[in-house]
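Chain letters run A, B, ... following the sequence lines, proteins first, then strands; residues in each count from 1. Values below: every heavy atom of this structure, side chains too, minus hydrogens, waters and symmetry copies.
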Amino acid sequence: GAVVSQHPSWVICKSGTSVKIECRSLDFQATTMFWYRQFPKQSLMLMATSNEGSKATYEQGVEKDKFLINHASLTLSTLTVTSAHPEDSSFYICSARDRPAGGGEQFFGPGTRLTVL
Amino acid sequence: GQNIDQPTEMTATEGAIVQINCTYQTSGFNGLFWYQQHAGEAPTFLSYNVLDGLEEKGRFSSFLSRSKGYSYLLLKELQMKDSASYLCAVKNDYKLSFGAGTTVTVRA
């Protein structure tokens, strides 16, 4: 089956610093990748959708200047949390799909636990 | 907007059957997914329904009624490893909207 990896698995950083999270599709080309955030005991909330080679589409209420997304290749997307604050502490999960908008199952990465001190 | 409701918690005994209901009111519908998520891990795919009716996959079955905005996930012959959170997700175009999840605890 399709495998998606994320790195790092967990990260602790100081308030005000930036953190980069990588999402890779290991055995397929991901034309579309999604970034979600999940707070404890809450649902996965879609943050943004990125298509390879184009700008990400952000969901309402998600600051695009704070959460920078780059999808430069068909196997890699990165999420950079800039000037992180304690309220950004969360579980960040990416998913990837091997087809453009429309059909295709999403395959999820293992998630990245971010703690901002 | 999207409104997806499922119970918060359910407890059942090993070997039993549990049914997790999901009701949804969404601006569009292109199918419904069920995922299993263990604590601190990513969701794993269980089932997908796009037409009305029952889909069976081993111990897990999922049902959909589009006219009622209703789905359920049926877990049979429960095992301890089935203790997890179960997420209902509605697909609208290419996006998934998730319910808050139902935590199932299986007791010996």
**Prompt:** What distance do B:Phe33 atom CZ and A:Gln106 atom CD have between them, rounded to the nearest 0.5 Å?
**Reply:** 7.0 Å
**Item:** Worked verdict on B:Tyr35 versus A:Leu44 for side chain to side chain contact (heavy atoms under 4.5 Å, CB included)
**Value:** CA-CA 11 Å; B:Tyr35 288 89; A:Leu44 273 76; over 6 Å; no
**Message:** As an exercise, state the distance from OG1 of B:Thr103 to NZ of A:Lys41, rounded to the nearest 0.5 Å.
**Reply:** 6.0 Å
**Message:** I'd like to verify something: which residue of B:Ser97, B:Gly31, B:Gly40 has the highest number of heavy-atom pairs under 4.5 Å with chain A?
**Reply:** B:Gly40
**Request:** Name the region of A:Leu46, side chain, backbone, both or neither, that has any atom closer than 4.5 Å to a heavy atom of chain B.
**Result:** side chain
**Asked** Under a 4.5 Å side-chain heavy-atom rule over Ile, Leu, Val, Met, Phe, Trp and Tyr, are B:Val106 and B:Phe60 clustered together?
**Response** yes
**Asked** Can you check side chain to side chain contact (heavy atoms under 4.5 Å, CB included) on A:Arg97 and B:Tyr94, steps first, answer last?
**Response** CA-CA 10 Å; A:Arg97 192 177 63 196; B:Tyr94 60 88; 3.2 Å; yes
**Fill in**
The reported gap from CG in B:Leu96 to OH in A:Tyr36 (rounded to nearest 0.5 angstrom) is 4.5 Å
**Asked** Would you say B:Glu77 has more than 12 foreign heavy atoms packed within less than 6.0 Å of its CD?
**Response** no
**Exceeds 12 heavy-atom contacts within 6.0 angstrom, atom NE2 of A:His7** = no
**Asked** What is the minimum heavy-atom distance between A:Phe91 and B:Gln37, and which atoms define it?
**Response** CE2-NE2, 4.1 Å
**Complete:** CZ (B:Phe45) and CZ (A:Phe108) are apart, to the nearest 0.5 Å, by 11.0 Å
**Request:** Kindly give the heavy-atom pair with the smallest separation between A:Ser43 and B:Gly99, and that separation in Å.
**Result:** OG-O, 2.8 Å
**Message:** Less than 4.5 Å to any heavy atom of chain B: does that hold for the side chain of A:Gln6, its backbone, both, or neither?
**Reply:** neither
**Item:** B:Met10 atom CE, neighbour heavy-atom count above 12 within 6.0 Å
**Value:** yes
**Asked** Are B:Tyr72 and B:Leu32 co-members of a hydrophobic cluster defined by side-chain heavy atoms under 4.5 Å apart?
**Response** no
**Asked** Is B:Ile4 reachable from A:Phe34 through a run of I, L, V, M, F, W or Y residues, each pair having side-chain heavy atoms under 4.5 Å apart?
**Response** no
**Prompt:** Are A:Ile21 and A:Val62 linked, directly or through other ILVMFWY residues, by side chains that come within less than 4.5 angstrom of each other?
**Reply:** yes
**Prompt:** Which heavy atom of A:Gly111 sits nearest a heavy atom of B:Ala42, and at what distance?
**Reply:** N-CB, 4.5 Å
**Message:** For A:Lys66, is the NZ atom crowded, meaning more than 12 foreign heavy atoms sit under 6.0 Å from it?
**Reply:** yes
